[in-house]
There are 2 protein chains.
Amino acid sequence: MTDDARGEPRRAGRPLESVLSRARITTAALALITIEGYGGFTMSSLARTLQVAPSALYNHVSSKHEVLQWLEDHVMTMVDVSGFGSEPWDVAVRRWAWSYRDVFARHAPLVPLVAVLPVTGAPETLRMYETIAAGLAGAGVPVESLIPAIVAVESFIFGSALDANAPADIFDTGDLADSSPTFTAAVLGQDRSTGERPADVAFRFGLEALLAAVAATRRGPDA
Amino acid sequence: MTDDARGEPRRAGRPLESVLSRARITTAALALITIEGYGGFTMSSLARTLQVAPSALYNHVSSKHEVLQWLEDHVMTMVDVSGFGSEPWDVAVRRWAWSYRDVFARHAPLVPLVAVLPVTGAPETLRMYETIAAGLAGAGVPVESLIPAIVAVESFIFGSALDANAPADIFDTGDLADSSPTFTAAVLGQDRSTGERPADVAFRFGLEALLAAVAATRRGPDA
DNA sequence: CATCCGAAATGACCGGTGGTCATTTCGCGA
DNA sequence: TCGCGAAATGACCACCGGTCATTTCGGATG
């Protein structure tokens with residue numbers, strides 16, 4: 001064959017003006033989900049939003065799962081990493097973690113995906129990881145502790161994001177209260193003096209615990 | 001009347017007295033999932049396993065979601081709480097937490113359900129909570145700290161169960177390595193001297209951090 | 001200008017899903 | 001003996017994600 005861009009990165013022929021693209025699909029998906037929720041998010045509804053036949057989507061996307069992966073990577077840009085570089089490391093981590101949890105509490109169905117999604121093909125997610133890793137490394141966390149620390153905090157965040165969607169009466173023991181006296185007492189004995197949601201209290205407790213453990217791994221700026 | 005001569009002589013005459021029941025459905029569901037995985041678990045396949053028409057299930061169950069909730073409660077009995085009452089509190093919690101994570105790593109699709117499932121109607125789950133609460137209370141954890149502590153540890157376990165299903169190369173930065181030097185170095189710099197899986201290293205790190213925080217809330221037996 | 005390439009959109013179509021419903025099948029108690 | 005009612009049935013539904021042969025049409029080529 002000649003060099004006329006058969007498989008060239010330069011598009012040989014660009015006949016139709018890209019009605020569909022990763023960015024457009026992702027944006028439309030996010031808009032649709034924000035309005036309708038994940039329950040109403042189907043390939044048909046997404047196509048309808050884009051003024052396109054459902055099957056046209058499959059010229060740009062290999063599966064619905066892939067759309068959700070794109071969406072996940074986009075959602076990750078909403079996580080607040082602004083503390084890194086401008087604040088003490090622990091303040092930055094707190095701001096990041098709370099924001100991270102809040103964002104994915106609003107997108108809980110994405111949690112099982114992001115937990116197993118390779119960073120390849122998720123550039124925004126990787127960008128966030130780089131920011132966190134650099135921030136922690138700069139704070140003196142040794143290289144070999146970086147990944148375990150990040151994964152542990154992240155796992156806690158994912159679980160907490162799911163938990164944040166639990167109904168308020170999740171621990172109502174109802175007519176089984178007799179068979180679980182200690183637990184029932186614990187539910188009743190929660191500190192309700194601050195107006196904080198129970199899920200937030202638990203999140204603070206766990207986050208501070210992890211923060212302390214990360215702090216304990218730190219080495220001074222010199223060797 | 002065309003239904004006999006089906007190999008099974010006692011096919012007919014079974015309509016009364018519990019051909020289907022919560023226990024039977026749950027057991028069959030677990031067996032089916034153990035063999036086929038969650039991908040192959042449908043109401044049709046479940047009904048086939050039970051030698052019953054799919055619609056017959058709906059006389060005993062209101063939705064597939066409910067079947068999964070029953071299953072979740074049953075799966076909870078596989079979590080090892082044997083340490084409570086026979087071992088020091090921290091040993092008991094460690095055994096429980098590792099077992100809890102392992103069980104739900106094998107049943108990851110149930111994690112988003114159990115995270116928001118009210119304990120009412122999940123008696124086995126409640127039994128476990130009671131055991132944990134009593135164990136911690138007996139160790140001196142004050143009542144008002146019980147729920148936050150349990151929820152925090154549980155959230156961490158759920159997130160870690162999802163994480164345990166991540167592919168080994170999840171952090172492979174590939175051709176984006178240049179743009180994420182610190183993170184890439186961290187991935188390469190993981191301590192591989194022990195043969196432990198990265199997910200296990202992270203889980204240990206987080207669990208010990210939470211354990212230390214729980215220990216810090218303890219009060220002496222008096223007061 | 002006439003031609004043709006090929007990426008992208010189309011719409012019919014597929015197998016399978018969870019779920020509903022009118023109907024039938026009996027064991028059992030009156 | 002007979003009818004009640006729990007339980008199983010099978011046809012049926014709307015909708016899902018996904019496939020495929022076909023059509024459209026902008027733009028590069030000569």
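So that the names make sense, note that chain A is the first sequence line, chain B the second, and so on, each numbered from 1. Both backbone and side-chain heavy atoms feed into the values below; hydrogens, waters and symmetry mates do not.
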Answer yes or no: is there a donor N or O on one side and an acceptor on the other, between the side chain of [X] and the main chain of [Y], under 3.5 Å?
{"X": "Ser45(B)", "Y": "Gly40(B)", "answer": "yes"}
{"X": "Asp73(B)", "Y": "Thr125(B)", "answer": "yes"}
{"X": "Glu130(A)", "Y": "Thr182(B)", "answer": "yes"}

In this structure, how many angstroms lie between the [atom2] atom of [N] and the [atom1] atom of [X], rounded?
{"X": "His60(B)", "N": "dT9(D)", "atom1": "NE2", "atom2": "C1'", "value": "12 Å"}
{"X": "Arg22(A)", "N": "dA8(C)", "atom1": "CZ", "atom2": "C1'", "value": "19 Å"}
{"X": "Leu68(A)", "N": "dC16(D)", "atom1": "CG", "atom2": "P", "value": "14 Å"}
{"X": "Leu57(B)", "N": "dC21(C)", "atom1": "CG", "atom2": "P", "value": "17 Å"}

side-chain hydrogen bond (donor to acceptor under 3.5 Å, both in side chains) between Arg127(A) and Ser180(B), intermediate numbers included: CA-CA 7 Å; Arg127(A) 267 169 48 90; Ser180(B) 58; over 6 Å; no
What nitrogen or oxygen pairs link the protein and nucleotides 16-20 of chain C at under 3.5 Å?
from: dG18(C); atom 1: OP1; to: Lys64(B); atom 2: NZ; distance (Å): 2.6
from: dG18(C); atom 1: OP2; to: Met43(B); atom 2: N; distance (Å): 3.1
from: dG19(C); atom 1: OP2; to: Tyr58(B); atom 2: OH; distance (Å): 3.0
from: dG19(C); atom 1: OP2; to: Lys64(B); atom 2: N; distance (Å): 2.7

Nearest-neighbour nucleotide for the Asn59(B) side chain, dG11(C), dA8(C), dA7(D) considered: dA7(D)
Centroid separation Phe183(B) to Tyr129(A) less than 6.0 Å: yes
Option among Leu176(B), Thr173(B), Asp172(B) that satisfies the side chain to side chain contact (heavy atoms under 4.5 Å, CB included) test with Thr184(B): Thr173(B)
